Amino acid sequence: MERVFNFSAGPSMLPVEVLEKASKEMLCYGNSGMSVMEMSHRSNAYQEIFDKTESSLRDVINIPDNYKVLFLQGGASTQFAMVPLNLLKDGGKADYAVTGSFAKKAFSEAKRYGDVKVVGSSEDKGFTYIPEFNKEDFTKDARYFHITTNNTIYGTRYTELPDVGDVPLVADMSSNILSEEVDVTKFGIIYAGAQKNMGPAGVTTVIIREDLLGNAMSYTPSMMNYETLAKAGSMYNTPPTYSIYIAGMVFDWVKSMGGLKGMAKHNNEKAKLLYDYIDESKLFKGTANKKDRSIMNATFVLPTDDLNAKFIKEAASYGFMNIKGHRSVGGMRASIYNAMPKEGIVKLVDFMKQFEMDNK
Ligand SMILES: *Cc1c(COP(=O)(O)O)cnc(C)c1O
């Protein structure tokens, strides 16, 4: 069967070049005589893969030397607990922006460990926008301010970062890391599950400013202690070796596509194609506030649930898969991460136009 255009929110499409290389190396990696999956994480051959992966990511995102890069298990959701467990020692405080269900989960988890406060929320309008922040609302002695830079389910993203002064910004970038340029120095911590834009599920990347290490609560499990994990070079226990190897190839692919600058151009063009059509259409309607629209997850609806269902079904029959919106919001969501080629959007828009003609 031919490969489809997979609009899944995650796990999602990977670059074909990466899959092809992985398949070539599946049985025997280099001169090792074995698959990467079969290698000891303590072997020289694997350490080389690991080091190359880290240096490739450092190159691509331009990560300064005073930041550690960790490759961990547990998904982004484990970071919801790890962030407070590592930064809120001795009754520390933190602020949260609640802009979607992942952001809300991050806040709820942090509440278990410290004195945390919501300083901005868009829940009143179903998370369809990014709220304005008032500086006066920020907690003066907060240890960090947590944001979700792209809200995967609702299709919104920050187009500018809130000004929090010296308070470290902690960002869940699971669904937009590597999609455009980012100034790492503006953040204390960036974390992201790999399965949207970096690789297969199983590895979570954490980029953390070194001075934030060493503030963990005494009861923080060793496996959740950034300092312990950083000291062990992400190998306190067995890391997700194969996922890290694939992620390394994805980082190299991003480089070959012109790095984050090239990715941003590619992604903005794709998003524009789709949104321009949605905006001129009389049938389809975007659900996110225009100014805050995500370039990774485009959410839209048709006038009735029946039409939504019909569209999703017909789309699938033409090879546009997984375009159904999240179960909590309904409608449609086209996740158009880095690996989605422009051709996928051009063809989807053609199909949407045809659908509109047929269902006027
Ligand atoms: C997918 C996603 C998560 C959850 O990631 P897991 O790796 O499944 O824990 C968290 N935050 C955002 C923004 C996401 O898109």
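Indexing begins at 1, ligand by ligand and atom by atom, following the structure's order. Since the model is a prediction, treat every value here as computed from it, not as a measurement.
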- Polar contact flag, side-chain donor to acceptor under 3.5 angstrom, N308-K324: no
- Task: Could you tell me whether some N/O pair between N150 and ligand 1 is separated by less than 3.5 angstrom?
- Result: no
- Message: Side chains of N225 and T220: any donor to acceptor distance under 3.5 Å?
- Response: no
- G75 neighbourhood, listing ligand 1 atoms whose heavy-atom distance to it stays under 4.0 Å: 7 (O), 9 (O)
- Item | Atoms in ligand 1 flagged as close to Q195, the criterion being non-hydrogen separation under 4.0 Å | 5 (O), 6 (P), 7 (O), 8 (O)
- re atom 9 (O) of ligand 1, the protein heavy-atom contact at minimum distance is S77 OG, 2.6 Å
- Considering only protein heavy atoms, which is closest to atom 11 (N) of ligand 1, and at what distance to one decimal place? D172 OD2, 2.6 Å
- Message: Check this for me - ligand 1, A76, N or O atoms closer than 3.5 angstrom, yes or no?
- Response: yes
- Message: Under the salt bridge (Lys or Arg N to Asp or Glu O under 4.0 Å) test against E180, which residue among K265, R157, K261 passes?
- Response: R157
- Message: Determine whether the aromatic ring centres of residues Y129 and Y154 are separated by less than 6.0 angstrom.
- Response: no
- Item | Ligand-side contact atoms (ligand 1) for residue partner F80, heavy atom cut-off under 4.0 Å | 10 (C)
- Which bit of K196 gets closer than 4.0 Å to ligand 1, counting heavy atoms only: side chain, backbone, both or neither? side chain
- Note on the structure: Looking only at protein heavy atoms, what sits closest to atom 4 (C) of ligand 1 is F102 CE2, 3.6 Å
- D90/R143 ion pair, N-O < 4.0 Å: no
- Query: Between the side chains of Y46 and Y29, does any donor sit under 3.5 Å from an acceptor?
  - Reply: no
- Message: Can you name the atoms of ligand 1, numbered from 1 with element, that are less than 4.0 Å from a heavy atom of T148?
- Response: 13 (C)
- Cationic N near anionic O, under 4.0 Å, E25 to K21: yes
- Task: Would you mind listing which atoms of ligand 1 come within a distance below 4.0 Å of any non-hydrogen atom of T152?
- Result: 12 (C), 13 (C), 14 (C), 15 (O)
- Query: How about N176 and N197: does a side-chain donor come under 3.5 Å of a side-chain acceptor?
  - Reply: no
